[in-house]
Amino acid sequence: MKLFRKKDKPPKDTNSVEFKRYVAAKLNGRSIRYILERSDNTDRVIGKGGFIAVTDGILSVICGEKTLFSAQVDTLEAWEFLSLEGVTLTGYDLTEGKERTVMAYYKYYRD
């Protein structure tokens, strides 16, 4: 019996496919307060309210009925903010057909 069992640790190599899949599994089902897009060193709000979904190896940021960002999990760069209030996603967007960076801020739920 292990009383002080450690939580699942992410893989150490942040460029590996295993790490990218670990982060995608962690983000799956997260509710989002708002979504920003970063372009030319400026941020603009592109959506409010939504969620992150991972299906068939594709991570999608969905706002209402519209998919704002979707990318292959194996090629996606994702990292959480130091405050753990959101995530930055960078990758080739399948909906617009170009490289994009979006930031999604989580909804706050008290446990």
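Bear in mind that the values here come from a model prediction, so they are computed numbers and not experimental data. These numbers come from the heavy atoms of this one structure, side chains and all, not from hydrogens, waters or symmetry mates.
- The 12-atom threshold is exceeded at CZ of R33, counting heavy atoms of other residues, nucleotides or ligands nearer than 6.0 Å.
- Under 3.5 Å, the side chains of D93 and T95 contain a donor-acceptor pair of N or O atoms.
- F69 places a side-chain heavy atom less than 4.5 Å from the side chain of L89.
- Between I52 and L59, some side-chain heavy-atom pair lies under the 4.5 Å cut-off.
- A 4.5 Å side-chain heavy-atom check between V45 and E37 finds every atom pair outside the cut-off.
- Salt-bridge check for R21 with D74: passed, with a basic side-chain N closer than 4.0 Å to an acidic carboxylate O.
- Residues I62 and G64 share a closest heavy-atom pair of CG2-O, 3.7 Å.
- Within the 4.5 Å cutoff, side-chain heavy atoms of Y106 are placed close to those of E80.
- Counting heavy atoms from C-beta outward, Y105 and V87 have side chains that stay 4.5 Å or more apart.
- Taking the side chain as every heavy atom from C-beta outward, I58 and Q72 approach each other to under 4.5 Å.
- No continuous path of hydrophobic side-chain contacts links L68 to M103 [ILVMFWY only; heavy atoms under 4.5 Å].
- Residues V73 and V54 meet the side-chain proximity criterion, which asks for heavy atoms closer than 4.5 Å.
- Linking Ile, Leu, Val, Met, Phe, Trp and Tyr residues whenever their side-chain heavy atoms come within less than 4.5 Å leaves Y34 and V102 in two separate clusters.
- Looking only at side-chain heavy atoms (C-beta outward), V61 and T67 stay at 4.5 Å or farther from each other.
- The CG atom of N15 lies 15.5 Å from the NZ atom of K12; values are rounded to the nearest 0.5 Å.
- Salt bridge status for K20 with E77: absent, with no side-chain N to carboxylate O gap under 4.0 Å.
- For the pair C63 and G49, the tightest heavy-atom approach, listed with the atom from each and the gap, is SG-O, 3.0 Å.
- Atom CD1 of I35 and atom CZ of R44 lie 12.0 Å apart (nearest 0.5 Å).
- Once rounded to the nearest 0.5 Å, the distance linking CZ of R100 with OG of S70 reads 9.0 Å.
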Verdict with reasoning, I46 to L36, per side-chain contact (heavy atoms from CB on, under 4.5 Å): CA-CA 5 Å; I46 58 173; L36 292 97; over 6 Å; no
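- Between F51 and I32 the shortest heavy-atom distance is C-CD1, 3.9 Å.
- Proximity of a side-chain donor or acceptor of Y92 to a complementary backbone N or O of G97 within less than 3.5 Å is detected.
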